[in-house]
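Heads up, the thing below is written out as structure tokens.
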Amino acid sequence: MTPTAQTVRSNLARVHERIADAGGDPASITVLAVTKGFGAEAPRAALDAGLTDLGENYAQELAGKAAQIGPAVPGPRWHFIGQLQSNKVRLVFDVVSCWQSVDRSSLVREIAKRAPGARILVQVNATGEPQKGGCEPGDVDGLVDLAREAGLVVDGLMTVGRDGDESATARAFADVAAQADALDLAVRSMGMTADLELAVRAGATMVRVGSALFGPRPAR
Ligand SMILES: *Cc1c(COP(=O)(O)O)cnc(C)c1O
């Protein structure tokens, strides 16, 4: 199934409605189009629909798609949103605009080495799920300091809700928003297709949306 620009445009209108219904301002909340699992036609359709911020989870897949798309005007601005091994940074440092899944010091050091001055978000595991990416909430301040000392620009915090648990997710989003406030960080990347309303209500400035824009992802 190939997403077209027309489909993405009408799906985006629906996402904007959902944001507005949750009390958010669609004009000031960035919709990050998550294109993982789709071919290069998905980022192309997103760009044609006016979405310039694109998200990918896997280094190899991002490198391939970025090469196929090339530079476009405006955008694309690629965001890395998946769990990232330090040794994969070298595959994508030249195309990533924002590293959203920074959750440990070794990754800070590798990004700072390959992409001096890069923009990052610190990912927080605010639901206590052991298999999930993100640093402990108590480690955020230290990681933000470390990243700044390494010359990186910390734009904000990113988090992922708890699948199928609305109250835990709402609590996690509220906690991360409060932590961003306390650190005076502008960007809160929270919420995906299933829980974007909860994120908007908690003060998300960016929602990361895949299936609501492109339809169900093909099996990996
Ligand atoms: C895949 C993914 C998304 C998008 O998920 P959808 O449910 O398709 O909207 C958002 N954020 C992260 C971190 C993801 O891995």
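What you see below is based on every heavy atom in this structure, not just the backbone, and it leaves out hydrogens, waters and symmetry mates. Since this is a predicted model, take the numbers as computed values, not measurements. Read the numbers this way: they start at 1 and go in the same order the structure lists the ligands and their atoms. Residues: numbered from 1 along the sequence shown.
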Requested in this report: May I ask you to test the D139-V124 pair for a side-chain heavy-atom distance under 4.5 Å?
Outcome: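 No, side chains not in contact.
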I need the nearest protein heavy-atom contact for [atom]: residue, atom name and distance, please.
atom	value
atom 5 (O) of ligand 1	R217 NH2, 3.8 Å
atom 10 (C) of ligand 1	M192 SD, 3.1 Å
atom 9 (O) of ligand 1	T193 OG1, 2.5 Å
atom 13 (C) of ligand 1	I81 O, 3.6 Å

Report, as yes or no, whether the 6.0 Å neighbourhood of atom [atom1] on [X] holds more than 12 heavy atoms from other residues, nucleotides or ligands.
X	atom1	result
D163	CG	no
E17	CD	yes
R119	CZ	no

**Report entry** Which segment of N57 sits under 4.0 Å of ligand 1 when only heavy atoms are counted
**Finding:** side chain
Query raised in the report: Is any N or O atom of G210, backbone or side chain, closer than 3.5 Å to an N or O atom of ligand 1?
Result: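 Min N/O separation from ligand 1 is below 3.5 Å for G210.
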Query raised in the report: Are T127 and E129 close enough that a side-chain donor and a side-chain acceptor fall under 3.5 Å?
Result: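 Present: a donor and an acceptor within the cut-off.
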Query raised in the report: Have R208 and S189 got a donor and an acceptor in their side chains that come within less than 3.5 Å?
Result: yes
Query raised in the report: Quick one: which of K36, Q83, R208 has a heavy atom closest to atom 2 (C) of ligand 1?
Result: K36
**Report entry** ligand 1 contact by Q100, heavy-atom criterion under 4.0 angstrom
**Finding:**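 The answer is no: ligand 1 sits nowhere under 4.0 Å from a heavy atom of Q100.
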Query raised in the report: Between Q83 and S101, does a side-chain hydrogen bond (donor to acceptor under 3.5 Å, both in side chains) hold up when you go through it step by step?
Result: CA-CA 6 Å; Q83 291 191 39; S101 48; over 6 Å; no
Query - Per-atom contacts of ligand 1 with V209, taking only distances under 4.0 Å to non-hydrogen atoms - result: 9 (O)
